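Here the structure comes first, spelled out in structure tokens, and everything after it is commentary.
Residue numbers run from 1 in the order of the sequence given. Being a predicted model, the structure only gives us computed values, none of them experimental.
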Amino acid sequence: IERLWRSLKYEAIYLHELTDGFVAERVIAEWIGFYNTERPHSALAGQTPVEAHGAGQPVDMMDKARALHTFPQAQQQQQDKKNGIQAT
């Protein structure tokens with residue numbers, strides 16, 4: 001969810017002058033529409049969420065969590081490798 005908010009801020013919010021709530025609502029709604037219908041997602045094999053949902057494939061956005069540098073087990077595994085410890 002943090003990645004979603006970051007993308008929303010950098011791709012929409014910070015690029016527009018949000019003078020009031022109506023403008024903010026329009027900008028955010030347009031971006032969410034783009035995000036769901038036009039923007040391909042690597043976690044969905046390059047499909048948009050609408051395409052993945054329409055294909056009936058399960059959507060698990062956490063399937064690539066291990067690739068994130070903030071993933072706790074990944075950090076621990078890297079530390080273990082440095083220390084010469086093998087996972088059991």
Side-chain angles (χ1 to χ4, degrees):
I1 194 72
E2 290 174 12
R3 178 72 176 113
L4 173 73
W5 286 116
R6 179 177 175 222
S7 296
L8 172 62
K9 288 189 297 188
Y10 283 93
E11 295 175 17
I13 302 296
Y14 295 160
L15 300 178
H16 295 78
E17 185 175 338
L18 304 178
T19 54
D20 59 42
F22 296 110
V23 174
E25 182 180 17
R26 181 184 52 80
V27 167
I28 292 168
E30 287 175 2
W31 185 83
I32 290 174
F34 164 77
Y35 185 86
N36 286 326
T37 61
E38 297 179 41
R39 183 178 182 199
H41 295 254
S42 61
L44 302 175
Q47 293 182 312
T48 66
V50 168
E51 291 170 337
H53 180 71
Q57 80 185 66
V59 177
D60 183 3
M61 297 303 284
M62 291 306 297
D63 67 342
K64 296 188 179 189
R66 294 172 199 269
L68 299 174
H69 68 279
T70 56
F71 189 71
Q73 284 87 359
Q75 291 174 347
Q76 184 62 47
Q77 289 170 354
Q78 289 175 353
Q79 187 63 37
D80 289 348
K81 285 180 185 178
K82 288 179 186 177
N83 295 334
I85 300 170
Q86 287 188 335
T88 56

> Does Tyr14 have any ring pair (Phe, Tyr, Trp, His ring centres under 6.0 Å) partners at least two apart in sequence or in another chain, and if so, which?
Replying inline: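 Counting only residues at least two positions away or on another chain, Tyr14 forms a ring pair (Phe, Tyr, Trp, His ring centres under 6.0 Å) with Tyr10.
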>> Taking atom CD as the centre, does Glu2 end up with more than 12 heavy-atom neighbours from other residues, nucleotides or ligands that are less than 6.0 angstrom away?
In response: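 No - once you tally the heavy atoms of other residues, nucleotides and ligands closer than 6.0 Å, there are 12 at most.
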> Taking everything shown except Glu11 itself, do over 12 heavy atoms lie less than 6.0 Å from its CD?
Replying inline: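 Yes, CD of Glu11 has more than 12 neighbouring heavy atoms, counting only those of other groups under 6.0 Å.
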> Of all heavy-atom pairs between Gly46 and Glu51, which one has the smallest distance, and what is that distance?
Replying inline: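 Nearest pair, atom of Gly46 first, then Glu51: O-OE1, 4.5 Å.
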> When you measure from the side chain of His53 to the backbone N and O of Pro49, does any donor-acceptor pair fall under 3.5 Å?
Replying inline: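 Looks like no, no N/O pair under 3.5 Å.
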>> Can you tell whether the side chains of Glu30 and Arg26 come within less than 4.0 Å, N to carboxylate O?
In response: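 Salt bridge: yes.
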> Do Lys9 and Trp31 touch side chain to side chain, with heavy atoms closer than 4.5 Å?
Replying inline: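 Sidechains of Trp31 and Lys9: no contact.
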> Is Tyr35 close to Leu8 at the side-chain level, that is, under 4.5 Å between some pair of heavy atoms?
Replying inline: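 Not touching, per the 4.5 Å side-chain cut-off.
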> Say you draw a straight line from CG of Leu44 to CZ of Arg39; how long is it, rounded to the nearest 0.5 Å?
Replying inline: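 Leu44 atom CG to Arg39 atom CZ measures 11.0 Å (nearest 0.5 Å).
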> Could you give the distance from OG1 (Thr48) to NE2 (His41), rounded to the nearest 0.5 Å?
Replying inline: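 Between Thr48 OG1 and His41 NE2, I get 7.0 Å after rounding to 0.5 Å.
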>> According to a hydrophobic-cluster definition based on side-chain heavy atoms being under 4.5 Å apart (Ile, Leu, Val, Met, Phe, Trp, Tyr only), do Phe34 and Trp5 belong together?
In response: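 Yes.
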